[in-house]
Structures are given as C-alpha cells and as structure tokens.
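Since we're looking at a predicted model, the values are computed, not measured.
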Amino acid sequence: MAWFTDTGLRRLAGERSYSRGLDYVEFVSDLGEVPGGVTATVRGTGRYRVRLAGREDGDLDGTCSCPYGQEGHFCKHCVAVGLRLLGEADVELPRDERGKGRGGSKPVDVKRFLTTMDHAELVELVWQHASDDAGLYRTLRLLTATAAQGPDLAGLRDEVAHLRVEWIEDGDEENYADRAEDVLGALGRLIPRHAAAVQPLLQHAIEHIGAAADSSEGGSRIIIDVANEAWAAYLRACEAAPPDPVELADWYVEFRLAGPEEVETSLDDLADLLGEEGLDAYQEYLDVTLTSDSGRRLLRSMREEFVALTGDTDDMVACLAEDLTNPRQYVHIAQLLRGAGRTTEAIEWLERGVNADTTPQQHGLTEVVDLLAELYTETGRAADAIAVRERHFSMTRTQRDYQALREVARATPAWPTIREKALDLLRERAGGQNWHAADVLTAVLLDEEEIDEAWQVTKTHRCGEVARLAVTARRAETHPTDAIAVYRPLVEAAIAQTNKRGYARAAQLLLTMRPALLTVP
C-alpha cells in the first residue's frame, strides 16, 4: 500500500516528529485507502484524523486535525500512520529497505471502472453504501436539496439546526467540522441565485458553529475556521442580494452581544451593506443598550469599533475617554493622536495616564510609560524620558524596567548616579520579604557584569535555583572551585532520585560543570 520510503518520511517530518511518531504507531486505527492516499485515526491526547496522500512528484503530503498539524506541520501522528503503512507493506523487510517497492502489477483504475457500470447498477451501489455511511448519505441529501430548480429550504433548515450542539467531546472536532463544511457547501451552491433565501440559514449556521467552537472540549481551531467560512459565505450572499439595512443592523448587534466570541467578524465587513440607514440604526441600538448596561466591556468595544468606522479623531478620543479604568486606554488615545500628527496632545494624555490613580503593577501602566518615554525622546525631551523611567522603576523595581531606564540614561553624565541609586533600590528590596527580589537583583548584577556582588547575594539572600545556577555559571569562569561546591550536591540529589528524570538532570548539571572541572588543578 505504501508509495513512499522510511527515508522520505523521516526527511519530511524532521527528526523530532519522526522520533515521537515511533511511540504512536500502536495507537493508529481505522486505516483505510481513499483515492490518492489513506486516512486513519490516531489516539493521543485526543482522537485525531490523519490523511496521507501522494503528490504528482511521487512525494508525500500529510494533514492532521491535531493543533500542530492544523498549523501545516507534518506531525508525529502523520509519522505514526506512515510507519504503520510501511510496516503493513514491508513487514518482513529491515527498516532501511521499507517502502522501496516490490514491483508488481499496475494499480486498478477504480474511477475508470465506474464509468463502465450500468447506471441503475451504479445508483444501487451508491445507495447501499449511503445506507451504512452517514457522511455519504448527508452529502447525497444535501446535493438533492440544492439540485432542483426550487431548493429544499426546509430540509436545509433542518441540516443547519443539526449544527447546534451542547458539547463536543475531545477528538470529535474534525467530524463536526466536516459536517458543518458539507452544510456550508450546500448553502454556497445556492449563491447567487437564491442568495436572499440562504441568508437567514447562514445566520443560524454562523451562530451554531461559533457556539460549537466555544463548547469544544479539545482544540477548537478547526471549528473556528469553519465558522469564519460561514461568515464569508454570508457576506457573499448579502453582496449578491443586499438585505434590509436596519434588519441587518439589528441582527448583527444581537449576534455580537449574545452570540459566540470566536467568530472573527467586523463591523467594517458590513459597512457598505449597512449604509447610512443601517449604521444609524446600529448606533441607536448601541446608545440605548449602553444607557441601561454601561458596564459591559463588549458594548464599549462595539461602540469604539463603530466610532472608528464613522467618526473622526476627536470623536474616537472622546469615546475612548469614556472609560479610563484600564491604563491601556491612554495608550490607545495617544497612538490615535500620534497617528494624526498631534504628538503634543498624545504626550498630555500619557502624562494623565502616568499620574492617574493606578498601582505600578496595574496591567497596561508599563505600556503608558514605554510610549511616553518614546515620545519624550522623539521630541527632544531626554531629561523627561529619564525622569519618567526612573520614577516607574522606583515603583516596580523589575529587571525589565531597570534595562529600560539604562537605555535612556546610559549616554548621559547622570547615569553613574542614577545607576547606583537604582541598584540601591534593588538591594533594599532584596533584603526584605519579597520572594523574588534577590533573583531580580542577581539578574541585574549579572547584566551589569557585577559577578562578585551577584555571587555574594546568592550567599546572603534567599535566591531561587535558576538564579543561583545562573550566577554560579558566571562564577565558574574565575572561581571554578566555588562553582563545583554548588553543583556537586545538586548532582548527588538528582542521582538519588533513581529515575530517568533525575539521571537526565544529573547529566545536564555535569555538562554544565565540565568547564569548571577542567580548570581545577
């Protein structure tokens, strides 16, 4: 059955995926031939569907429903199916000779044979298989519903309704996605001729498929992709037969507020279809809803999206300024004003953000400081950039903010004084109760090439193992005996675990120790 070699499989997968695939061969099931290749199921953290197919150049293609496979990689599950296929084809041959071919007769041309069958006989054959194959029967049913001059809208409505599910078990995502794509394919065949009749069906399909992505136990990416296909089909139907703009606005608002979050829709997609009348209705609905429920983040996001589409810079600034509880709003406002060439106003908004009643650790405040320091530098206000960086570092005392302070101040005469003051703040905090403060101090000292002081910090303060080993590695360059004294008990403790993980840890430490060991007399 195999048309490829073990060497080709290894080359396509890469050593990592190939090696991992060896462990999954026993979990391959439902292996069967299809036109151009094979399909199979592989059980891992979920149940994944794999398809291997031959290319015209004789090489191999593979797809898998696992997250890594969905990114376009030839994954370990594809390798497992390939190895299983090679094993069944060449079970008695050594691995190096597998898949090289045995000779034999030319494959049967099944498609050509079907053209020779009697029509009634062929119909009966297809019907028999459809009786046992739900997927084939669904395909035939959808073809029938869309083949007539007047499509079977009631039947298609039932098919769309079946896409509504409460939960999708891990491993069943691909089956659901296949079913949804079949339905979307049938609805797509009715565009543009029956575009108006298809629109409400596609609306329900978007809602159901998007909700299914939200309700997927395993990876939902494959279902999200199908939901986005449904949205694209809906837009095509609307372009072919433009709907009532007010009704479209009402549906879209309700969909955004109550519908699934996973579907990648945008008001901009509908702008031309909505026109002035539809956008007015959309704004009115939002204004009424915001009045009664102003705290909903989604509503505010929708309003910002609307103003970005229909308003000017000042309108957008006013909209963003309605809720300044998140420091990132100041960044958004400043970026908007900066893009409009209004840098002075952007700086003023960022200064408001820095001086707002927020905690130093509040999510987004660092972004305010970053952009403000950048704009100060761009406008020749280097002293202000240093001041805002120094103030922020004094509150956060993180390695990241120390580095940012150094970046703006290093070239100035004031840097030695600023540097020592900043290090004193880190030393002060390291002597307190903060668990990670000494780790931050050692990281900064190493970055500053203050190796001796970093070493002393590990002796006098509570440091984590990662920090201690980082300092020890640098200490080993000049004081190998000191470093070995740190490594030896860690190696002994790892070996004492008497398991693979412990031995691997010991080996890793020994490799790290090697330079120090070689320099000890």
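Between Glu207 and Arg256 there is no salt bridge, since no side-chain N of the basic residue sits under 4.0 Å from a carboxylate O of the acidic one. Salt-bridge formation is not detected for the pair Arg49/Glu173: no Lys NZ or Arg NE/NH1/NH2 atom is positioned less than 4.0 Å from an Asp or Glu carboxylate oxygen. By the 4.0 Å N-to-carboxylate-O rule, Arg475 lies close enough to Asp452 to be salt-bridged with it. Looking at Glu477 and Arg474, a side-chain N of the basic residue comes within less than 4.0 Å of a carboxylate O on the acidic one, giving a salt bridge. Salt-bridge formation is detected for the pair Glu453/Arg427: a Lys NZ or Arg NE/NH1/NH2 atom is positioned less than 4.0 Å from an Asp or Glu carboxylate oxygen. By the 4.0 Å N-to-carboxylate-O rule, Asp424 lies too far from Arg429 to be salt-bridged with it. Using a cut-off of 4.0 Å between Lys/Arg side-chain N and Asp/Glu carboxylate O, Glu264 and Arg221 are scored as salt-bridged.
A donor-acceptor pair under 3.5 Å links the side-chain atoms of Arg397 to the main chain of Leu425, judged by distance alone. At least one donor-acceptor pair under 3.5 Å links the side chain of Asn228 to the backbone N or O of Ile224.
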For this session: Walk me through it: do Leu469 and Thr512 pass the test side-chain contact (heavy atoms from CB on, under 4.5 Å)?
Result: CA-CA 10 Å; Leu469 290 179; Thr512 305; over 6 Å; no
For this session: Let me see the working for Asp401 and Thr398 under side-chain hydrogen bond (donor to acceptor under 3.5 Å, both in side chains), right down to the final yes or no.
Result: CA-CA 5 Å; Asp401 288 320; Thr398 65; 3.0 Å; yes
Problem set entry | Audit row: Gln399, Asp447, side-chain hydrogen bond (donor to acceptor under 3.5 Å, both in side chains) steps and yes/no | CA-CA 9 Å; Gln399 181 185 9; Asp447 197 27; 4.8 Å; no
For this session: Applying salt bridge (charged side-chain N to carboxylate O under 4.0 Å, His left out), run through Arg51 and Glu174 and close with a yes or a no.
Result: CA-CA 12 Å; Arg51 178 186 174 93; Glu174 186 171 8; over 6 Å; no
Exercise. Do Thr472 and Asp482 pass the side-chain contact (heavy atoms from CB on, under 4.5 Å) test, and can you show the C-alpha distance, the side-chain angles, and the key distance before you say yes or no?
Worked result: CA-CA 8 Å; Thr472 300; Asp482 289 346; over 6 Å; no
For this session: Check the pair His73, Ser17 against side-chain hydrogen bond (donor to acceptor under 3.5 Å, both in side chains), reporting the backbone distance first and the verdict last.
Result: CA-CA 9 Å; His73 301 290; Ser17 288; over 6 Å; no
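The salt bridge (charged side-chain N to carboxylate O under 4.0 Å, His left out) with Arg138 is formed by just one residue from the set Asp182, Asp133, Asp158; it is Asp182.
Heavy-atom minimum distance, Thr325 versus Pro327: O-CD, 3.8 Å. Summarising the geometry of Leu142 relative to Val183, their closest heavy-atom pair is CD1-N, 3.8 Å, with the distance given to 0.1 Å. Between Cys64 and Cys78 the shortest heavy-atom distance is CB-SG, 3.9 Å. Summarising the geometry of Ile209 relative to Ala180, their closest heavy-atom pair is CD1-CB, 3.9 Å, with the distance given to 0.1 Å. Heavy atoms only, all atoms of each residue included: Ala438 and Cys463 are closest at CB-SG, 3.7 Å. The two atoms that bring Cys75 and Tyr68 nearest to each other are CB-CD2, 3.7 Å, heavy atoms only.
A 4.5 Å side-chain heavy-atom check between His77 and Ser65 finds every atom pair outside the cut-off.
Looking at His332 and Gln335, their side chains never bring a donor and an acceptor atom within 3.5 Å of each other. Side-chain contact annotation: Ser266 with Asp268, donor-acceptor N/O pair under 3.5 Å absent.
Remark: Arg400 CZ is packed, more than 12 non-hydrogen atoms of other residues, nucleotides or ligands lying under 6.0 Å away.
Rounded to the nearest 0.5 angstrom, Glu465 CD and Thr458 OG1 are separated by 12.5 Å. Here Gln508 contributes atom CD and Leu511 contributes atom CG; the two are 8.0 Å apart, rounded to the nearest 0.5 Å. Separation of atoms CG (Leu202) and CG (Leu184) is listed at 7.0 Å; rounding is to 0.5 Å. Here the straight-line distance linking atom CG of Leu9 with atom OG1 of Thr5 works out to 8.0 Å at 0.5 Å rounding. Of the inter-residue distances, the one linking Arg328 atom CZ with Thr366 atom OG1 reads 9.5 Å to the nearest 0.5 angstrom. In this structure, CD in Glu169 is found 12.0 Å from CG in Asn175, a value given to the nearest 0.5 Å.
Looking at residues two or more places apart in sequence or on another chain, you find a side-chain contact (heavy atoms from CB on, under 4.5 Å) between Ala454 and Leu445, Leu446, Val471. With sequence neighbours left out, Val165 forms a side-chain contact (heavy atoms from CB on, under 4.5 Å) with Ile168, Tyr176, Arg179, Ala212. Phe255 meets the ring pair (Phe, Tyr, Trp, His ring centres under 6.0 Å) test with Trp251; sequence neighbours excluded. Annotation: side-chain contact (heavy atoms from CB on, under 4.5 Å) contacts of Ala404 (sequence neighbours excluded): Arg389.
Ring geometry, Tyr234 versus Trp231: the interplanar angle falls from 30° to 60°, so the pair is classed tilted. Taking the six-membered ring where the residue is Trp, Phe393 and Tyr402 present perpendicular rings, their angle passing 60° and hence far from 30°.
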Taking distance alone, no hydrogens or angles, what donor-acceptor pairs closer than 3.5 Å link side-chain atoms of residues 20-29 to residues at least two apart or in another chain?
residue	atom	partner	partner atom	Å
Tyr24	OH	Lys76	NZ	3.2

Less than 3.5 Å apart, which donor and acceptor atoms pair up between the side chains of residues 483-504 and the rest of the protein, not counting sequence neighbours?
residue	atom	partner	partner atom	Å
Asn499	OD1	Arg501	N	3.3
Asn499	OD1	Gly502	N	2.6

